[in-house]
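The residues of the chain are indexed from 1 along the displayed sequence. For clarity, every value in this text was computed on a predicted model and none was experimentally measured.
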Amino acid sequence: MDKKYLTLLAKEYPNIESAASEMVNLSAIRSLPKGTEYFFSDLHGEYEAFLYMIKSASGIIRRKIDLTLGKTVSSAEREALANLIYDPEKELKRLKQAEAITDEWKRLTIYRLILVCEVISAKYTRSRVRKKIPKGLVYIVDELLNVTDDVNKDYYFEKIINTIIETDIVDSFVTSLCRLIHSLAIDKLHIIGDIFDRGPRPDIIMEELLLMHDVDIQWGNHDISWIGAAAGNAALVANVIRISVKYNNFDLLEDGYGLNLRALAVFAGETYKEDACTLYYPQTYDDNIYDPIDAHLAAKIHKAIAVIQLKLETQLIHRHPEWGMENRDLFGNVDFLTGTVEVNEKKYLLRDRYFPTVDPNDPSKLSDAEKELMTILINSFGHSGKLRKHIRFLLSKGATYKICNGNLLFHGCIPMDSSGELMCVNIGEKRFCGRALLDEINLMVNRAYFTKDESADYERDFMWYLWCGAGSPLYGKDKLAFFEQYFIGEEECSREYYNDYYKYIEDSEVCKKILRHFSINEERGHIINGHVPVKIKDGESPVKADGKLFVIDGGISKAYQKTTGIAGYTLIYDSHSLSLAEHKPFVQGDNKETPMIRVVEKLGSRANISDTDKGAELLERVEDLNELLRAYRNGDIKENSD
């Protein structure tokens with residue numbers, strides 16, 4: 001081993017005793033059960049549902065409460081304890097207002113929280129648990145969690161709890177215990193794409209993810225759209241505004257990210273003042289609290305930004321013929337004199353034929369007012385500090401795919417052709433497929449955002465292709481029927497067809513082939529996807545290909561719940577099994593509906609940290625320390641006895 005590296009390692013472990021002690025410690029950690037991994041997908045801005053899933057660990061915390069206290073505590077009291085753990089500040093405030101907090105309540109609650117915490121922390125080292133406890137309470141909590149004298153345990157608990165009550169630190173102590181339980185319940189969090197769009201506040205979800213200790217994100221096409229907008233892609237700036245307006249999410253734009261829509265509102269009001277804009281009224285699943293906007297004005301804003309987006313998309317299609325998207329230039333092929341367009345050799349009359357900003361001889365050309373407006377909007381996106389923080393987090397924690405503990409995670413698909421072979425995609429003058437395609441996209445996305453000069457113009461343009469291109473692994477459909485849905489409204493031309501990958505996801509041999517392509521053990525590994533809502537009400541299952549693949553988009557988004565029949569899945573991978581939690585629609589203030597959790601794969605033996613990627617890292621560290629020990633004993637490196 002390189003002596004320079006061993007010399008650096010010796011600064012951290014300056015003698016035989018410290019190096020040997022750390023080897024023993026790491027070996028002990030490797031023998032512990034693996035932590036619990038949680039997989040969520042397609043959150044789509046539904047922050048209330050997501051926060052509840054996180055705080056409840058998708059029903060696992062309630063299971064632990066029932067396991068620990070089920071024989072001695074009533075169901076109603078266990079439910080009350082669960083609600084306290086999920087949201088301690090809110091619940092303590094409610095109980096105080098109801099004058100329900102007595103000394104007896106304090107004693108019982110602290111005692112029960114400690115018992116639940118003991119069960120959840122059992123798989124972790126004492127030092128790891130201590131690191132998660134607030135500094136001022138480390139000693140007290142650590143002592144309560146590690147009482148070994150069963151004979152005097154109750155007496156010891158009583159003395160400490162009485163002191164907590166007498167010193168009036170019950171609120172902070174209870175809150176800290178609840179947060180510790182949250183932190184220990186979810187060891188690792190995987191977000192399989194599409195945090196943004198449709199739901200009211202993806203920014204609140206992003207703020208919660210920033211607090212998580214171990215999280216990764218596999219970008220979805222909606223996430224890419226926001227990254228591209230923040231990078232300055234004008235078509236994607238228009239796209240994310242259009243979708244936000246379509247779902248009445250003005251609070252997200254103006255209160256969440258501080259984006260100034262005044263110029264857009266003025267432009268839309270003046271340009272379409274004679275237009276009823278009846279096709280453009282927002283779909284309202286959630287009300288705006290901070291920025292309520294008149295529905296008629298919202299419809300005008302919606303139309304204004306949709307027309308601008310279509311112009312900008314036409315420009316991109318013409319600029320990049322190598323993408324093969326000429327058939328998507330519908331707006332550029334409209335006969336504005338007759339108000340018709342031809343799609344698949346059939347002529348359709350447009351549902352809306354009033355386009356005062358369109359030059360029929362050059363439909364993709366922005367008017368002077370539209371150019372000025374887009375400059376304002378692009379600058380507003382670029383100056384949003386909160387958006388910048390969130391995009392940098394998406395880039396630092398995210399990628400097109402991740403291989404973790406023998407599983408392959410990605411949002412959409414690995415593009416395939418009709419014969420089940422990997423499909424190649426043109427990027428510039430080169431062609432990429434499979435893993436090489438996803439790796440190239442990772443580089444392009446980072447370059448698009450971080451390289452501010454014109455040398456990355458192609459990458460910024462390509463972000464739009466990733467949003468909706470037929471070869472995009474994040475999108476995975478033949479087209480995005482934006483134009484057809486808005487202006488034609490006929491199912492025959494609005495239908496979007498999935499990439500052939502989705503035809504093969506029921507075939508275990510194809511799934512194994514994909515796993516091999518990513519150098520993953522095909523017998524033990526799994527593919528975990530989102531993107532396509534599983535219609536459980538139609539008999540569909542999230543478990544595909546004899547358990548080799550999971551599709552965990554179950555409709556957290558309110559916009560999908562009528563289609564799916566449920567409100568999302570959580571895939572839970574602990575040391576014993578893989579389980580699916582099936583969620584009911586979230587109702588604020590109603591926490592009685594715990595998800596239905598079912599085991600979908602039982603592990604042959606309990607998985608330890610030694611079986612994980614972390615275990616491999618620790619083993620490598622042990623081997624390095626062993627080399628350092630040899631160097632000390634051979635005299636190649638001198639011990640420091642200071």
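The two atoms that bring G256 and D203 nearest to each other are CA-OD2, 3.4 Å, heavy atoms only. Across all their heavy atoms, G258 and S380 have their closest contact at O-OG, 4.2 Å. In terms of heavy-atom proximity, G199 sits nearest to N249 at O-ND2, 3.0 Å. Across every non-hydrogen atom of V599 and K602, the tightest pair is CG1-N, 4.2 Å. Residues M212 and I186 approach most closely at CE-CG2, 4.3 Å, considering heavy atoms. For S41 against I552, the heavy-atom pair with the smallest separation is CB-CG1, 3.6 Å.
Within the 4.5 Å cutoff, no side-chain heavy atoms of I527 are placed close to those of F550. Inter-residue side-chain proximity for L422 and H517 is flagged as met; some heavy-atom pair is nearer than 4.5 Å. Looking at heavy atoms from C-beta onward, E46 lies in side-chain contact with P200 at the 4.5 angstrom threshold.
Geometrically, K188 does not engage Y573 in a cation-pi contact defined by less than 6.0 Å to the ring centre and at most 45° from the axis.
Panel note: side chain K90, backbone N83; no donor-acceptor pair is recorded below 3.5 Å. Under the 3.5 Å distance criterion, the side-chain polar atoms of K55 are left unmatched by any main-chain donor or acceptor of I85. Between the side chain of D500 and the backbone N or O of G420, no donor-acceptor pair lies under 3.5 Å. With hydrogens and angles ignored, the 3.5 Å screen pairs a side-chain donor or acceptor of R460 with a backbone N or O of A448. Under a 3.5 Å cut-off, the side chain of K246 and the backbone N or O of Q283 do not form any donor-acceptor pair. In this structure, the side chain of Y449 does not engage the main chain of A230 through any donor-acceptor pair within 3.5 Å. Of the possible polar contacts, none joining the D574 side chain to the T36 backbone as a donor-acceptor pair under 3.5 Å is found. Judged by distance alone, the side chain of N426 and the main-chain N or O of E322 form a donor-acceptor pair under 3.5 Å. Here the side chain of S472 pairs a donor or acceptor atom with the backbone of L474 at under 3.5 angstrom. The backbone N or O of V240 lies less than 3.5 Å from no partner atom in the side chain of H222, so there is not a single donor-acceptor pair.
Within a 6.0 Å sphere centred on NZ of K430, heavy atoms belonging to other residues, nucleotides or ligands number 12 at most. By the neighbour-count criterion of 12 heavy atoms within 6.0 Å, atom CZ of R431 is densely surrounded, having more than that number from other residues, nucleotides or ligands. More than 12 heavy-atom neighbours from other residues, nucleotides or ligands sit within 6.0 angstrom of NZ on K477.
Using a 4.0 Å cut-off between charged nitrogen and carboxylate oxygen, D255 and R201 count as a salt-bridge pair. A salt bridge links R128 to D187: at least one charged side-chain nitrogen sits closer than 4.0 Å to a carboxylate oxygen. For the pair R495 and E490, the salt-bridge criterion is not met [side-chain N within less than 4.0 Å of a carboxylate O]. Classification of K544 and E506 as a salt-bridged pair holds, one side-chain N sitting under 4.0 Å from a carboxylate O. Ionic pairing of K513 and E509 is not present here: no N-O contact between side-chain nitrogen and carboxylate oxygen is shorter than 4.0 angstrom.
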Step-by-step side-chain contact (heavy atoms from CB on, under 4.5 Å) determination, Y280 to Y486 | CA-CA 8 Å; Y280 305 92; Y486 272 62; 3.9 Å; yes

Where do H576 and R606 land on the side-chain contact (heavy atoms from CB on, under 4.5 Å) test, with the steps shown first?
-> CA-CA 5 Å; H576 295 288; R606 188 170 196 181; 3.5 Å; yes

Evaluate the side-chain contact (heavy atoms from CB on, under 4.5 Å) criterion for residues L189 and I54: first the C-alpha distance (whole Å), next the side-chain angles of each, then the deciding distance (0.1 Å), finally the verdict.
-> CA-CA 10 Å; L189 180 64; I54 287 291; 4.0 Å; yes

Passes side-chain contact (heavy atoms from CB on, under 4.5 Å), V425 versus F432? Steps please.
-> CA-CA 5 Å; V425 176; F432 297 87; 5.7 Å; no

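Ring pair F482/W467: centre-to-centre distance not below 6.0 Å. Aromatic ring centroids of F40 and H583 lie 6.0 Å or more apart. Under the 6.0 Å cut-off for aromatic ring centres, F462 and Y465 qualify, their centroids lying closer than that. Checked against a 6.0 Å centroid threshold, the rings of H320 and Y458 count as neighbours. Aromatic ring centres of H190 and F39: separated by under 6.0 Å.
Among pairs with a residue in residues 393-412, those fulfilling side-chain hydrogen bond (donor to acceptor under 3.5 Å, both in side chains) read E37-N405, D194-H411, T400-N442, Y401-R435, Y401-D439, N407-H526, H411-H531, at least two apart in sequence or across chains.
Using modelled atom types and a 3.5 Å distance limit, the side chains of K132 and S183 yield a donor-acceptor pair. Using a 3.5 Å distance cut-off with no hydrogens or angles, the side chains of D329 and T314 do pair a donor with an acceptor.
Interatomic distance, CD1 of I195 versus CD1 of I204, reported as 13.5 Å (0.5 Å rounding).
Among W226, Y257, F381, the one residue that satisfies the ring pair (Phe, Tyr, Trp, His ring centres under 6.0 Å) test with H390 is Y257.
Take D611 and apply the side chain to side chain contact (heavy atoms under 4.5 Å, CB included) test, not counting sequence neighbours, and it matches A607, N608.
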